[in-house]
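Worth saying up front: this structure is predicted, and the values here are computed from it rather than measured.
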Amino acid sequence: MEKQKDILILAIESSCDETAAAVVKNGRSVLSNVISSQIDLHKLYGGVVPEIASRKHIEKINQVIEEALREADATLDDLDAIAVTYGPGLVGALLVGVAEAKAISFAKDIPLVGVHHIEGHISANYIENLELEPPFLCLVVSGGHTHLVIVKDYGEFEILGRTRDDAAGEAFDKVARAIGLGYPGGPKIDKLSKQGNAYAMDFPKAKVADAPYDFSFSGVKSAVLNHLNKCKMMGESIVEADIAASFQRCVVEVLVDHAIAAAKDYHISKLAIAGGVASNQTLRSAMKQACENNGIQFYHPSPIFCTDNAAMIGVAGYYEYIKGTRHGWDLNAVPNLRLGER
């Protein structure tokens, strides 16, 4: 039997504050994964400044692509396709990646494949879990998104639940800022929580009446802010580690409860997590324990593949490519692109 030709994809990711490029072989093998982070720059402002992010992407994008190709020992002539995030994200940031991908695609006459950013996060689970194939349930938790999704097939999704207000990562950032931890909030709250009592305070856990799998995190965030204001007004001491730990416990319990309930209700035996908040150690260990208790297989990417990266875009791009997805020169950035939309 003739061996099938390897498919090599160059992937570009620039949806927020990471400029990233990767080369992925056959959808599961990452030959290079280069990330230029802007975190130190945005720390000064307490969050991502879109204009600064876009300028930084323009500065860095050629460098990361050259480095990704060098690490993979590949050239543009070796590529079968170029995959790029075209939404959702910051419009200026996305445009940098999309314009770069279109330029390379045009110059080298290589197929262009636009990739949905959330689809990329979900696909990150395929990199290290070679046995994982759809269907499975995936909880996507990041700074801008909280989704509970059935992955029916590669690139085919049914959304069971989403956040009605703040995403989990957004709530982490806002609470971290209020406590005085700075940006990015998630890792700092996770670290501080280890020194605190997670049951010191009983912050509220919202349920959305007509949608059991939907999330709402603005209530718990507001409760933390109100508690901090009350302490300041009354001159009471603020135990930051206790507040961080109690807040994190409430968010993690909601995420785990919803995911496990959906897995049971839909009789799904495989559950994955994805997105930046999926690297949170407390969430990972709580989800692992809950899955073990309920006989569910648990999958998660390494932390480097949880935060924004191009390898995950290359994986998603591969499955889109072999399905026949191709984009033309009219491919544009779509900042509010919904999962499942094309």
Just one of K60, K56, E18 clears the side chain to side chain donor-acceptor pair (under 3.5 Å) bar with S37, so which one?
-> E18
Quick one: does K102's side chain have a donor or acceptor within less than 3.5 Å of a partner on W329's backbone?
-> yes
Does the distance from a Lys or Arg side-chain N to an Asp or Glu carboxylate O, for R249 and D202, drop under 4.0 Å?
-> yes
Residue list, salt bridge (Lys or Arg N to Asp or Glu O under 4.0 Å) with R55, at least two apart or on another chain = E51
Should D80 and K5 count as an ion pair when the cut-off is N to O under 4.0 Å?
-> yes
Verify, without hydrogens or angle tests, whether H258 (side chain) and L148 (backbone) share a donor-acceptor contact under 3.5 angstrom.
-> no
Side chain to side chain contact (heavy atoms under 4.5 Å, CB included) filter on E67, not counting sequence neighbours, yields V34, R70, E71
Ring centroid separation for Y86 and H327, is it under 6.0 angstrom?
-> yes
S105 side chain to I110 main-chain N or O, any donor-acceptor pair under 3.5 Å?
-> yes
Taking the side chain as every heavy atom from C-beta outward, state whether L255 and T146 have any atom pair closer than 4.5 Å.
-> yes
For N332, the side chain to side chain contact (heavy atoms under 4.5 Å, CB included) test, sequence neighbours excluded, returns L95
Aromatic ring proximity, centroids under 6.0 angstrom, Y154 and Y126 | yes
Taken in chain and number order and not counting sequence neighbours, the residues that satisfy side-chain hydrogen bond (donor to acceptor under 3.5 Å, both in side chains) with E128 are S302
Any chance you could lay out the side chain to side chain donor-acceptor pair (under 3.5 Å) test for D242 and N197, step after step, and finish with the verdict?
-> CA-CA 5 Å; D242 285 358; N197 173 9; 5.4 Å; no
Does F215 have R162 sitting over its ring (NZ/CZ under 6.0 Å from centre, angle to axis within 45°)?
-> no
Does the pair D210/R164 count as a salt bridge with the N-to-O cut at 4.0 Å?
-> yes
Any side-chain donor paired with an acceptor under 3.5 Å for D165 and S216?
-> yes
Between S32 (side chain) and A22 (backbone), is there a donor-acceptor pair under 3.5 Å?
-> no
Worked check of side chain to side chain donor-acceptor pair (under 3.5 Å) between N62 and E66 = CA-CA 6 Å; N62 284 329; E66 283 165 12; 5.9 Å; no
D257 side chain to I260 main-chain N or O, any donor-acceptor pair under 3.5 Å?
-> no
Using the rule that two of Ile, Leu, Val, Met, Phe, Trp, Tyr join whenever any of their side-chain heavy atoms come within less than 4.5 Å, decide whether V24 and L10 are in one cluster.
-> no
Sorted by chain and residue number, the side-chain hydrogen bond (donor to acceptor under 3.5 Å, both in side chains) partners of D17 (sequence neighbours excluded) come out as Y183
Check: D190 side chain, Q281 main-chain N or O, donor-acceptor pair, under 3.5 Å = yes
Could you pull out all residues at least two apart from L181 that satisfy side chain to side chain contact (heavy atoms under 4.5 Å, CB included)?
-> A176, I179, K188, I189, L192
Taking the six-membered ring for Trp, are H121 and H117 parallel (under 30°), tilted (30 to 60°) or perpendicular (over 60°)?
-> perpendicular
